[in-house]
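As structure tokens, the structure follows; a few thoughts come after it.
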Amino acid sequence: MAEYKRPTTKEEFDKNFKQKKPLMNDTEAYYEASRCLFCYDAPCVQACPTHIDIPLFIKQIHTDNVTGASKTIFAANWLGNACGVVCPTGVLCEGACVYNHQDVPPIQIGRLQNYATNTTISEDKVIFKAGKSNGKKAAVLGSGPAGIAFASEARTMGYEVDIYEAKSLPSGLNVHGVAPYKITNEEVLSEIEYLQKHLGFNIKYNSAIDSKEQIKKLEHNYDAIFLGVGLGNTRTLGLEGEDKANVVGAVEFIEELRKKQHKMKVPQKVVVLGGGNTAMDAASESARMGAKKVVLAYRNSKEKMGAYGFEYDLAISAGVDSLFHVTPLEIVGNGKVEGVKFAKTEIVEGKLKTNMKNTFVVRCDLVIKATGQAKMGRLFKLIDNLDIDNRTVIKVNAETFQTSNPKYFAGGDAINGGAEVVNAAYDGKMAARGMHNYLNK
Amino acid sequence: MIDLSINFAGIKSPNPFWLASAPPTNSGYQIMKAFDTGWGGAVWKTLGVPVVNVSSRYGSVNYRGTKMMGFNNIELITDRPLADNLREIEEVKKYFPDHAVIASLMVESRAEWEQIIKDVENAGADGIELNFGCPHGMCERGMGSAVGQEPEVLKTIVGWVKEAANIPVITKLSPNISHITDPGLAAVQGGTDSISLINTIKSIVGIDLDSYAPYPIVDGKGTNGGYCGPAVKPIAMHMLKDLAQHPEIGKVPLSGIGGIETWRDVVEFILLGATSVQVCTAVMHYGFGIVREMEAGLRQFMEEKNYQTIYDFAGKALPNVTEWKHLNLKHKVVAEINADKCIGCDLCYIACDDGAHQAIALSDDPAIRIPSIIEANCVGCNLCSLVCPVEDCITMVKRDDGKENVTWYERTENDDIPVTFDDDRAGGKGHFVPTPQDALKHRK
């Protein structure tokens, strides 16, 4: 344990949160691009949720047409820059690379993609522009990847687009929720700034939409509305003692970390509840913030965790300990958290059962709940005829991303219950096309 | 016991590895360093009336991740005074008496030829190489390839040289000509002791897209260079073969030049009749140390094949290089894909479908990416096996029983060849090709 010293300066923070996929330099990109086989009907393209023409953009990088490579990337994915580094490429494009079949390292597609778009963004090259105004207006709720993708695509078709963002910064979980070793705040924001500059959508910050009245006004002022609202804050577990100080949600924890960076103080002993990728991030981040002991606690077995294997490995390599087959019963402490009381779980006749006879307390001074987000059900109720499913996610047409209320389109976590940035980017793009077809019927 | 030493037209050398006349042989320093590293001989950077060179002299063609697949230069012959070069030749010979030092020469008048030959002989050179190949700069002044392209002139000058020289003469030919046997024969008729080839090929390696000038750029302008490096090896080997198979030219020793970099290149040149090889680009890219790989590989090859000297296998491929009309039309190979090795890049499929004979099929199940050979359509062209990125995944398998041997020559003799436009004897008659409309099937 204690692989990491508590960061007290920006430099120390950056060192502890060293980028997993650092920016390639020109030479590295040249040689890496030269390895691409230019497969026919390439498996990497099929594996990409946005179907970027990967062999083409890699060939373009190699032939010194980096701007063209960026055009290829952005044409398929408006968050192409962020996706290059935050995508779980090992299970998507790079996982599909044919080289894997002969134990040759796959092409580093994500980093090549990021290299191209980062170059274009830093040079501020003009590679796309807004379409001629068509007189129609669209409102977007949420400036996360889905909303930004929708807004960008809609602008190319000439829609006027206003994004309503509850927070003071754009890009949703990309800046508030992704682990800092995957992408820096600066990199996330530079892509949004670039898109906004060249496409001209408006973002209204600190503008949460949470009343029927506001909804009615939006419906009156806009031809269509896109819901890219995500899943909201961490939901409560209903545990005794959950209201104690230093019991926080993972989403809120990571948001504070990304905002405050080295100025945030993470206590010495941390328990993280959950087995998804967010839990892995929160645990890994706590360790990198210098916590002496970080325990990941999950109710089932290691194999049953929702997290990708590589995310778990990353947490373990940061010095995180794990506890499997435990469920929290109570947060103990006197006003402030002092520990978590767990019970062991076991599989009885194929079902997970809590064994109340086997309980114990893990001492800690911070509990991070990475057990799911609350969802945006309250907002959905304000919209007439908006069908949601039993997981409180919005139902949409799989091709048009139109909701049961024809004026509304939706995408991202709000329709899939929580997936990757790249899925949100695809949804947003397709929803804008869906809206365009609908409004031009 | 393997003995790599050679006696090339009377020039003795501890091994067949020579440095070609070029920038790596510009000075005694370089040649001593090369001999110390393992080179057996060196052809000195061409001597003559010293020139004035330009700055920015080399250009290259890179291929994918590989630098200098092809290389060109616009550097002229030596720009150092003759006296300096002669003094250094003497010094090199003093330290390395058993190594071959050959003086490459290029001058204009008969008097100059006679004088410079006497000078290099006095300095201790083991042989002379006549530079009739340089295709840039010098040719504009009536020398280099200007001579190599005029067999009669070449023959005359070789005659002058032979009259004056007491040491062996190598005539170096230019590939910038339709038939290499024309200057080759002229050289032999002029009395040359041996021939070396190829010199560089006239070339433009690229154009700068901002200044619109060819590389290498000299203050906004450029000129054709001489092309060399791995890219020219196939052209060089073909010309070597033409000379080696010629009944008269083939009698003189041949020194092979052109893109040689590895032991395999060396062996291939020897198999086509070369009994010394000359190297430049590989040294300009990797330094003199590259000879270690060549020598080790050559020795390994000779050990495995049980050869004692390079003369045991020199020219061994020549009987197998024949004219098209003597190839067996009954020979039949087809491609075979090793499904265990296939990585599913499907390059073979698209290469065959777009670039060859539509003999590879993809599975109807998109999850299965291993293609299959449609044997009835396969003409055995090799393309799939050439594009396949996996070692030994696609192999060409023999399908004929080896009993029949019919050549175009024989069929012509027997009056059994297609003669009309729609002759039934057309080789591709009845061979499957998709209908033109099949190309648009994906449009639905």
Side-chain angles (χ1 to χ4, degrees), chain A residues 24-49 51 53-69 90-109 111-112 115 123 125 399, chain B residues 60-69 205-211 215 337-356 358-373 383-395 439 441-442:
Chain A
M24 275 185 173
N25 63 45
D26 296 345
T27 305
E28 193 180 7
Y30 174 79
Y31 284 105
E32 187 63 9
S34 76
R35 299 175 57 232
C36 177
L37 295 172
F38 206 75
C39 293
Y40 173 72
D41 193 14
C44 54
V45 179
Q46 296 169 18
C48 172
H51 308 300
D53 191 339
I54 294 164
L56 176 62
F57 89 66
I58 293 180
K59 194 97 180 160
Q60 289 172 309
I61 290 173
H62 190 64
T63 57
D64 204 19
N65 182 7
V66 175
T67 307
V91 295
L92 296 173
C93 52
E94 291 171 21
C97 179
V98 297
Y99 272 133
N100 290 301
H101 298 299
Q102 279 287 335
D103 301 326
V104 176
I107 306 285
Q108 296 182 52
I109 298 168
R111 291 184 64 210
L112 281 170
Y115 163 80
E123 291 171 357
K125 281 264 170 76
E399 273 157 36
Chain B
S60 97
V61 173
N62 304 329
Y63 183 69
R64 295 192 39 164
T66 305
K67 295 274 182 178
M68 279 169 60
M69 177 206 76
V205 290
I207 302 288
D208 182 78
L209 299 187
D210 293 315
S211 65
Y215 300 116
I337 299 173
N338 182 334
D340 291 336
K341 289 190 172 177
C342 176
I343 58 175
C345 69
D346 292 353
L347 285 174
C348 58
Y349 162 76
I350 201 65
C352 185
D353 211 64
D354 288 2
Q358 300 82 44
I360 299 184
L362 294 179
S363 166
D364 290 333
D365 177 355
I368 299 174
R369 289 190 57 93
I370 300 175
S372 53
I373 304 292
L383 180 61
C384 55
S385 71
L386 300 177
V387 299
C388 180
V390 180
E391 294 289 309
D392 304 320
C393 175
I394 301 185
T395 45
K441 267 197 303 203
H442 70 280

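Reminder, nothing fancy here: chain letters follow the sequence lines and each chain counts from 1.
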Chain B and chain A: which donor-acceptor pairs fall below 3.5 Å?
| residue | atom | partner | partner atom | Å |
| --- | --- | --- | --- | --- |
| Arg64(B) | O | Tyr30(A) | OH | 2.6 |
| Arg64(B) | O | His62(A) | NE2 | 3.3 |
| Arg64(B) | NE | Ser34(A) | O | 3.1 |
| Arg64(B) | NH2 | Ser34(A) | O | 2.7 |
| Arg64(B) | NH2 | Cys36(A) | O | 2.9 |
| Lys341(B) | O | Gln102(A) | NE2 | 2.8 |
| Cys345(B) | O | Tyr40(A) | N | 2.9 |
| Arg369(B) | NH1 | Asp41(A) | O | 2.7 |
| Arg369(B) | NH2 | Tyr40(A) | O | 2.7 |
| Arg369(B) | NH2 | Asp41(A) | O | 3.4 |

Chain B contact via Cys97(A) - which portion, at a heavy-atom distance below 4.5 Å: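 Cys97(A) has no heavy atom closer than 4.5 Å to chain B.
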
Any Ile343(B) side-chain heavy atom under 4.5 Å of Val104(A) side chain: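 Not in contact.
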
Distance-minimising heavy-atom pair for Leu37(A) and Cys345(B):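 In terms of heavy atoms, the two residues are closest at CD1-CB, 4.3 Å.
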
Largest heavy-atom contact set with chain A, pairs under 4.5 Å, which of Pro389(B), Cys342(B), Cys348(B), Pro366(B):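 Maximum pair count with chain A is reached by Pro389(B).
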
Which residues share a side-chain contact (heavy atoms from CB on, under 4.5 Å) with Leu386(B), sequence neighbours left out: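 Applying side-chain contact (heavy atoms from CB on, under 4.5 Å) to Leu386(B) gives Asn382(B).
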
